[in-house]
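The structure appears right after this line, and notes come after that.
Treat the numbers as computed from the prediction; the structure is a model and nothing was measured. Every chain is numbered from 1, with letters handed out A, B, ... down the list of sequences.
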Number of protein chains: 2
Amino acid sequence: MTVAVSSDSLIRPRVSGASLKSEFVAFKVNRIVEAASHLFYERGYSSCTLDNVASQLSVTKPFLYSYFKNKEAILAAICEVGISEALAVLEDVLAHEHGSHRARLAEVVRKVGQIVIDRQEYVVVYQREMKHLSAEDYKRILRLRHSFDHQIGEMIREGVASGEFREDIDPFIAVWIGGLISWIPTWYSSSGQRSAEEVIEYLVQAALRLAGAE
Amino acid sequence: MTVAVSSDSLIRPRVSGASLKSEFVAFKVNRIVEAASHLFYERGYSSCTLDNVASQLSVTKPFLYSYFKNKEAILAAICEVGISEALAVLEDVLAHEHGSHRARLAEVVRKVGQIVIDRQEYVVVYQREMKHLSAEDYKRILRLRHSFDHQIGEMIREGVASGEFREDIDPFIAVWIGGLISWIPTWYSSSGQRSAEEVIEYLVQAALRLAGAE
DNA sequence: AAAGACATCTACCTGCTAGTAGTTTTTACA
DNA sequence: TGTAAAAACTACTAGCAGGTAGATGTCTTT
């Protein structure tokens, strides 16, 4: 098999436990997820066949089955990307940003907005196709999502308690902020009029305005 | 065929051109659209079979084909409901509400929010499944949507020009307000903690805050 | 270079689903 | 009540898509 040697996961020096073989596997899994995500985004999960995904990668269907149990497992992998990255960013900000609540909120919204733009297709597929997940995958991913929503709600609550956000703000506003963020991938286009930076700045301002923290 | 005699479209006295027969047809078309909308909402368009839709109505597949050209035509009918109602409301408000720009914006957002909650399933199906429309239906419905977005943008622009909204507001904010509205059906549940009225009040406040018109 | 292990493919099955042809039932009206 | 037209149904086809069994190719190791 010919492999792009410049890929991140290949040039990075090997660390402790990870064997070269498992890195190859991870690389292929990743390529499958990328290709599937793109096709599911364009045609929808149910209308997109595994033959489509395979031919996009110039391989065959049984190739996919040697890396994923079934079609649904590929969807689960896609759904997990966006939400787990967002959660990682959130926890990173909570751990390292020790400024005002306002600054923390702005930072989280900015970084999550960036992920949502970077991972646009993943996020859209996640939102649209989650119902096709198996019960187990569905529960697992919903837990991640709830953890995220809960922590954002906490941030708002603390900001209100500290007097930095307007006191008539309901932590429920976190849902609306989530809405702003989730809405981006349905209309943002990298080839559109607005740059990603512009959109993110708007997003941050809008979120702060909703939180009453301008 | 047994028909619910209490249905609106049947007890309403006949008007001028519409024949009784065409009212029957409209009634059946409507029932098909309702049932299909519900099932497409739950299982997704592609995964939902026409046999599913038929059996939901206790009829058979060829019955559907005598009222719709094909599966896609049913989807088009569903997609059209929400957006054309929203457009009707918008034009009604623009024609009759002659108060401040702030009042107009609040009224449009309130009424469209109400539609989005009433027609929740239609709106979700519209957002999720639009890409499965034929090229013609897609263009037709996109035109309705653009008309709506454009008019909202106009409202904001006028509000800014009149000095009622903050001058640093970009009409692009209309996209964000659209996001707030479109977001509702993905999380609102009539059996949830928040009542429809509460949600709509929040929505209106959030929209005004985004427009800088508090 | 031979052998075994591993990766990938060819070729297939099975069940499903959009769409249809032709028959039966129901309705409308005389 | 008889008849024609309209409405709905039964029974079918053709093609597709998820999933698999077994064959083929390709490395590694000795």
Side-chain angles (χ1 to χ4, degrees), chain A residues 1-5 10 14 19-33 35-36 39-40 42-78 129 131-134 137, chain B residues 1-5 9-10 14 19-33 35-36 39-40 42-78 125 129 131-134 137:
Chain A
M1 184 173 62
T2 316
V3 172
V5 185
L10 287 181
R14 287 182 49 202
S19 75
L20 183 59
K21 190 155 83 181
S22 77
E23 282 180 51
F24 266 102
V25 169
F27 177 79
K28 283 181 266 188
V29 164
N30 201 38
R31 290 290 298 272
I32 292 172
V33 170
L39 290 174
F40 291 176
E42 284 193 331
R43 307 184 197 179
Y45 172 71
S46 304
S47 317
C48 179
T49 74
L50 290 181
D51 282 321
N52 294 152
V53 176
S55 79
Q56 169 94 353
L57 292 164
S58 306
V59 295
T60 59
K61 195 162 49 174
F63 175 89
L64 307 179
Y65 275 89
S66 56
Y67 295 95
F68 288 93
K69 192 167 131 275
N70 52 30
K71 191 182 181 186
E72 182 269 326
I74 301 180
L75 179 61
I78 294 170
E129 314 290 0
K131 64 180 164 309
H132 293 115
L133 293 174
S134 69
D137 286 327
Chain B
M1 184 176 59
T2 316
V3 172
V5 186
S9 56
L10 287 180
R14 285 181 51 199
S19 74
L20 183 59
K21 191 153 84 181
S22 76
E23 284 181 49
F24 267 103
V25 169
F27 176 80
K28 282 181 265 188
V29 164
N30 201 38
R31 290 289 299 271
I32 292 172
V33 170
L39 290 174
F40 291 176
E42 284 192 332
R43 307 183 198 178
Y45 172 71
S46 304
S47 318
C48 180
T49 75
L50 290 182
D51 282 320
N52 293 152
V53 176
S55 79
Q56 170 94 353
L57 292 165
S58 305
V59 295
T60 59
K61 194 162 49 174
F63 175 89
L64 307 180
Y65 275 89
S66 56
Y67 294 95
F68 288 91
K69 192 168 132 274
N70 52 30
K71 190 182 180 185
E72 183 269 324
I74 301 181
L75 179 61
I78 294 170
V125 171
E129 314 290 1
K131 65 179 163 308
H132 293 115
L133 292 174
S134 70
D137 286 327

Take A:Val59 and A:Ile32 through the test side-chain contact (heavy atoms from CB on, under 4.5 Å) and record every step on the way to the result. CA-CA 10 Å; A:Val59 295; A:Ile32 292 172; over 6 Å; no

Would you say a side-chain N or O of B:Tyr67 is under 4.0 Å from OP1 or OP2 of D:dA7?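 The answer is no; no side-chain N or O of B:Tyr67 sits under 4.0 Å from OP1 or OP2.
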
Counting only side-chain N and O atoms of B:Lys28, is one of them less than 4.0 Å from OP1 or OP2 of D:dA8?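 Answer is yes, contact under 4.0 Å.
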
For atom [atom1] of [X] and atom [atom2] of [N], their distance in whole Å:
X       : N      : atom1 : atom2 : answer
B:Asp51 : D:dT10 : CG    : P     : 11 Å
A:Lys69 : D:dG18 : NZ    : C1'   : 13 Å
B:Leu75 : C:dA18 : CG    : P     : 13 Å
B:Arg43 : C:dC16 : CZ    : P     : 14 Å
B:Phe63 : C:dT25 : CZ    : C1'   : 15 Å
B:Leu64 : C:dT17 : CG    : P     : 15 Å
B:Leu50 : D:dC12 : CG    : P     : 20 Å
A:Ile74 : D:dA17 : CD1   : C1'   : 14 Å

If you take all heavy atoms of B:Glu129 and B:Leu75, which pair is closest and at what distance?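 For B:Glu129 versus B:Leu75, the nearest heavy atoms are O-CD2, 3.5 Å.
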
Can you tell me if A:Asn52 uses its side chain to pair, donor with acceptor, with the backbone of A:Thr49 under 3.5 Å?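 Confirmed, A:Asn52 side chain pairs with A:Thr49 backbone.
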
Within 45° of the ring axis of A:Tyr45 and under 6.0 Å from its six-membered ring centre, is that where the NZ or CZ of A:Lys71 lies?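 Because its charged atom sits under 6.0 Å from the ring centre and within 45° of the axis, A:Lys71 does stack over A:Tyr45.
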
Measure from the side chain of B:Lys61, starting at C-beta and using heavy atoms only, and say which of D:dG18, C:dG19, D:dC9 lies closest.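 Among the listed nucleotides, the one closest to the side chain of B:Lys61 is C:dG19.
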
Out of D:dG18, C:dA18, D:dT10, whichever nucleotide has its closest atom nearest the side chain of A:Tyr65: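 Closest nucleotide to the A:Tyr65 side chain: D:dG18.
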
